[in-house]
Structure formats: C-alpha cells, structure tokens
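What follows is a set of notes on a single structure, which appears directly below.
Residue numbering restarts at 1 for every chain, and letters A, B, ... go by the order of the sequence lines.
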Amino acid sequence: MPRGFYAGDALEVAPRLLNKVLVRGGRSGRIVEVEAYRGSQDPASHAFRGPTRRNATMFGPPGRLYVYFTYGMHWCANAVCGPDGDAQAVLLRALAPLTGLDDMRIARRGGVSGRAVRDRDLISGPARLCQALGVDRADDGADLVRGDRGLRIVDDGTPPPEEPGVSGRVGVSQAGDLPWRFWVPGDPYVSGSTR
DNA sequence: CTTTGGATCGTCT
DNA sequence: GACGATCCAAAGG
C-alpha cells in the first residue's frame, strides 16, 4: 500500500486494513483482525506517556512496522499510522493463511518437542503471526511501503468488510471498553471466541 | 469443550 | 522490583 494509506488516524486505518494481505517472501496471509492504538490520546498505548527507546518507531513516519517484545517471550507487530511524530498504530492480531503454510508451521513448532500446529492456530493471535512470519526485534522499523525487510502489505482486490465486527480491545487493562478492535465477521481465523 | 497456572525477560518507575 | 497489547499444556466436564 502507498504511504498515504497509513497517514490517517489509526481508527480510520484499522478497519481499512481488514482483508489486505501481509506478505513476507513465500509466506502470506489475509489480515482478519486488528486493534487501533492512538498514542497520546490512548491510555492503553505504549506511547501514552511519551517517547521511549522501545516505542521510538511509533513516533516516526507512517507505514513502518512497530515490533515490541512482551510477556518475556512474545513479539507483536503494528502498522504505524498518523502523521510523522503522532504515535498511532494498528496492532495486527490475526491472519487467514494464504501461502507458505509449510514454512509457517516450521517457524511455529517449538524446539525439539515441537508438535503439529493446527491451521486454525497458525497465525490467529498477535504473537503467533509474528512467530509464523519470523518477525522479531530485527524488524522493528521495517518499511512496509518499500519492503526493505521483505515485509509488505498489499491489496489483492478484496475490499474491507462493509460492517466489520467491533469490540473492546483484548488484554488491555486501561480503556478496555473503547470499541477499537475490528475483525472480518464470520472469519474462522479471528483469534479468541469472538467472531 | 472450558478453566487455570506457568513460562520468562525487556522496559520503565 | 513489578508487570505486561500472550500462548500453551494440563486437568477437569
């Protein structure tokens, strides 16, 4: 997508990202669940209390990837939105697998005792999709427009849903009531029990 | 199917 | 020193 696609408010960009395709090499999936985080206007955002080393990417130009580490073992990825300096972002929460399923399974099975991963669990969850696509600290700041680290978001002609599913955001303890989570209604790859 | 608790460490106070 | 924008396995129905 062009840079301008990301330049708007995260609340506008989030639902428009639904049904776009996240691509890394031979691996790709359709975005079916996202959450908006609105920087200084959002107590749940990592950027709410101003710039730090971790959230620096969010304060940069739109169209880049903000990757953060959490729970001592997981990576999560956001598309940075809004004008340069405005720390808005859209958390990518779930994909529907399109290509490269075998590579995703390999990336998702852990260590020696790795067991089979069901298709349903491959990339439905913010940390799962990062693991499946090999996204980690090295991809923080990647440019999704230029694809400088092999990560792009493209339009394959599928429009966003006319009426996306809407709810409060998952796992946040601040402002959890704000309806800033969006998903493709009925899609089996949306995370959790909501659909 | 649902519930529960453990893993594990970078980041900020 | 406390706490996650989470996931998984184990145990119980």
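In this structure, the CG atom of A/Leu129 is 12 Å from the C1' atom of C/dT6, given to the nearest Å. Taking atom CG on A/Asp140 and atom C1' on B/dG10, their separation rounds to 13 Å, with Å as the unit. The separation between A/Arg120 atom CZ and C/dC7 atom P is 14 Å, rounded to whole Å. Atom P of nucleotide C/dC3 and atom CZ of A/Arg49 are separated by 14 Å, given to the nearest angstrom. Spacing between atom CD1 of A/Ile123 and atom P of C/dC8 amounts to 13 Å, rounded to whole angstrom units. Atom-to-atom, CZ of A/Phe69 to P of B/dT8 comes out at 11 Å; the value is rounded to the nearest Å. One atom, CG of A/Asn55, and another, P of B/dG10, lie 17 Å apart when rounded to the nearest Å. For the pair A/Gln174 CD and C/dC3 P, the interatomic distance rounds to 13 Å; values are reported in whole Å.
Shown here for A/Ser124 and A/Tyr189, the closest heavy-atom pair between the two residues is CB-O, 3.0 Å. Shortest non-hydrogen contact noted between A/Phe69 and A/Arg54 is O-NH1, 4.2 Å. Closest non-hydrogen pair, A/Ala77 versus A/Leu65, comes out as CB-CD1, 4.0 Å.
Contact check on A/Arg108 versus A/Asp121 returns no salt bridge, with no Lys/Arg side-chain nitrogen under 4.0 Å from an Asp/Glu carboxylate oxygen.
Nucleotides B/dT4 and C/dA5, compared at atom P, are 22 Å apart to the nearest Å.
A/Thr99 contributes a side-chain N or O that, together with a main-chain N or O of A/Gly26, makes up a donor-acceptor pair within less than 3.5 Å.
For A/Val172, the listed nucleotide lying nearest its side chain is C/dA5; candidates were B/dT11, C/dA5, C/dT6. Considering only the side chain of A/Tyr71, C/dG4 comes nearest among C/dC7, B/dT8, C/dG4. With distances taken from any side-chain atom of A/Thr52 to the nucleotides C/dA5, B/dT11, B/dC9, the minimum falls on B/dT11. For A/His74, the listed nucleotide lying nearest its side chain is C/dC7; candidates were C/dG4, C/dC7, B/dT11. Closest to the A/Met73 side chain, of the nucleotides C/dT6, B/dC12, B/dT8, is B/dT8.
Considering only side-chain N and O atoms, A/Arg53 lies nowhere under 4.0 angstrom from the phosphate OP1 or OP2 of B/dG10. The shortest distance between the side-chain N/O atoms of A/His46 and the OP1/OP2 oxygens of C/dA5 is below 4.0 Å. At C/dC8, one or more side-chain N or O atoms of A/Arg128 fall inside 4.0 Å of OP1 or OP2 (strictly under the cut-off). Remark: A/Arg108 is in phosphate contact with C/dC8, judged by side-chain N or O atoms under 4.0 Å from OP1 or OP2. Put simply, A/Arg118 has no side-chain N or O that comes within less than 4.0 Å of OP1 or OP2 on C/dC8.
Within 4.0 Å (heavy atoms only), A/Arg169 reaches no atom of the nucleic acid at all. Residue contacts for A/Arg181: at a heavy-atom cut-off of 4.0 Å it reaches no nucleic acid atom on any strand shown. Residue A/Asn78 is in base contact, counting any heavy-atom pair closer than 4.0 Å across all strands shown.
Residues of residues 37-45 of chain A that place a heavy atom closer than 4.0 Å to DNA chain C, in numerical order, are A/Tyr37, A/Ala44.
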Q | Intra- and interstrand pairs of DNA chain C - dot-bracket, Watson-Crick/G-U under 3.5 Å, | marks other strand | A | ||||.|||||||.

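Taking 4.5 Å as the limit, every side-chain heavy atom of A/Leu178 sits out of range of all side-chain heavy atoms of A/Val172. Residues A/Trp183 and A/Arg93 have side chains not in contact (no heavy-atom distance under 4.5 Å, counting atoms from C-beta outward).
The CD atom of A/Gln174 sits 11.5 Å away from atom OG of A/Ser45, with the distance rounded to the nearest 0.5 Å.
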**Q.** Trace of the salt bridge (charged side-chain N to carboxylate O under 4.0 Å, His left out) decision for A/Asp140 with A/Arg137
**A.** CA-CA 5 Å; A/Asp140 184 37; A/Arg137 170 168 226 81; over 6 Å; no

Q | Full working for salt bridge (charged side-chain N to carboxylate O under 4.0 Å, His left out) between A/Asp143 and A/Arg3 | A | CA-CA 10 Å; A/Asp143 192 337; A/Arg3 185 84 52 201; 2.9 Å; yes

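Sorted by first and then second residue, the side-chain hydrogen bond (donor to acceptor under 3.5 Å, both in side chains) pairs involving residues 62-80 of chain A (not counting sequence neighbours) are A/His46-A/Tyr66.
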